[in-house]
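In what follows, a structure is listed as structure tokens, so that the remarks can point back to it.
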Amino acid sequence: MNRIVLAFRSFFALLFQGVLPDEVIRALHLTRSAPAPPKPAPAPPPAARVSDGALQMLAILQRDSRLVDFLMEDITSYPDDQIGAAVRELHDQCRDSLARYVTLQPVIDGVEGTFAKSPSADAQVVKFVGNVPAKPPAGGTLRHKGWRAVKIDLPALGAKQDAAVIAPAEIEIE
């Protein structure tokens, strides 16, 4: 009869309090174990580095047009017409990939070779070249429009994706 009473006391103590009473532990010749250590919090994902976007864009250009393969190959032994044909296709593929993820606009929307007013004296926006006086002028002959990224829409990197891997090695299984 004592076992039934202990069973009921144990059941209801665990149900309502979550622990066995000391009398039940002594009667059953049990010992309390140390509480389980708390589980460590999962490690936070690595912080995004400034270079991740640039590396991701390079990976996209490699994936879509094999740009890195082309740039890393020694092309001195190829004739110019063969290089020109390869570059034409590479150019189209790179331009399409860039346009898909980055919206670009000219810094100065003008005709190169004509007079253009400078929108800013900031060296990051406009670079004066030639005989530049100490005080930057209001304008001059536009040699390059410049480019500004107005929208960047890169896909999110996976939690375990290493941005430094531009293209994984490929191993064929036969």
Side-chain angles (χ1 to χ4, degrees), residues 35-174:
K39 292 182 182 178
R49 297 179 307 257
V50 175
S51 61
D52 286 355
L55 292 172
Q56 186 178 9
M57 193 66 222
L58 189 59
I60 288 169
L61 292 172
Q62 169 63 19
R63 178 194 70 203
D64 294 351
S65 62
R66 298 286 191 177
L67 176 66
V68 176
D69 290 345
F70 176 76
L71 294 175
M72 297 306 293
E73 186 172 346
D74 181 13
I75 60 172
T76 55
S77 64
Y78 296 106
D80 290 346
D81 57 338
Q82 189 176 1
I83 294 170
V87 169
R88 182 171 308 282
E89 184 179 352
L90 179 73
H91 174 268
D92 290 341
Q93 293 168 341
C94 286
R95 185 184 60 227
D96 291 345
S97 295
L98 185 62
R100 187 177 316 127
Y101 298 106
V102 181
T103 303
L104 298 171
Q105 288 181 346
V107 173
I108 297 176
D109 196 10
V111 177
E112 292 178 356
T114 63
F115 181 82
K117 292 184 93 175
S118 172
S120 170
D122 184 359
Q124 291 183 350
V125 177
V126 175
K127 178 172 108 176
F128 292 101
V129 294
N131 288 329
V132 182
K135 182 179 182 247
T141 304
L142 182 62
R143 295 293 174 213
H144 186 271
K145 297 178 184 186
W147 294 105
R148 174 189 321 254
V150 293
K151 182 180 176 191
I152 300 170
D153 191 20
L154 292 172
L157 285 174
K160 294 185 179 184
Q161 187 175 354
D162 183 1
V165 177
I166 303 303
E170 297 175 5
I171 298 176
E172 183 177 352
I173 308 298
E174 295 182 23

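Small disclaimer: the values here were computed from a predicted structure and weren't measured.
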- Item | Worked check of side chain to side chain contact (heavy atoms under 4.5 Å, CB included) between V68 and L61 | CA-CA 8 Å; V68 176; L61 292 172; over 6 Å; no
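The side-chain hydrogen bond (donor to acceptor under 3.5 Å, both in side chains) test applied to D74 returns T76, not counting sequence neighbours. Scored by the side chain to side chain contact (heavy atoms under 4.5 Å, CB included) test, P79 finds D81, Q82 as partners (sequence neighbours excluded). For L104, the side chain to side chain contact (heavy atoms under 4.5 Å, CB included) criterion is met by L98, V102, W147, A149, not counting sequence neighbours. In this structure, the side chain to side chain contact (heavy atoms under 4.5 Å, CB included) partners of V150, at least two apart in sequence or on a different chain, are T103, Q105, R148. Shown here are the side chain to side chain contact (heavy atoms under 4.5 Å, CB included) partners of H91, two or more places apart in sequence or in another chain: R95. Applying the side-chain hydrogen bond (donor to acceptor under 3.5 Å, both in side chains) test to Q93 and every residue at least two apart in sequence or in another chain returns E89. Annotation: side-chain hydrogen bond (donor to acceptor under 3.5 Å, both in side chains) contacts of S77 (sequence neighbours excluded): none.
Across every non-hydrogen atom of A116 and I108, the tightest pair is CB-CG2, 4.2 Å. Looking at every heavy atom in both residues, G110 comes nearest to K145 through O-CE, 3.1 Å. Considering every non-hydrogen atom in both F128 and P137, the closest pair reads CZ-O, 3.6 Å.
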Show me, pair by pair, the donor-acceptor contacts under 3.5 angstrom made by side chains of residues 154-174, not counting sequence neighbours?
{"unit_1": "Q161", "atom_1": "OE1", "unit_2": "G158", "atom_2": "N", "d": "3.1"}
{"unit_1": "D162", "atom_1": "OD1", "unit_2": "A164", "atom_2": "N", "d": "3.0"}

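Pairs passing the side chain to side chain donor-acceptor pair (under 3.5 Å) check and including a residue from residues 56-70, sequence neighbours excluded, read Q62-D69, R63-Y101, D64-S97, D64-R100, R66-D69.
Separating the CZ atom in R143 from the OG1 atom in T114 is a distance of 9.5 Å, to the nearest 0.5 Å. Distance check: L90 CG to I83 CD1 gives 12.0 Å after rounding to the nearest 0.5 Å.
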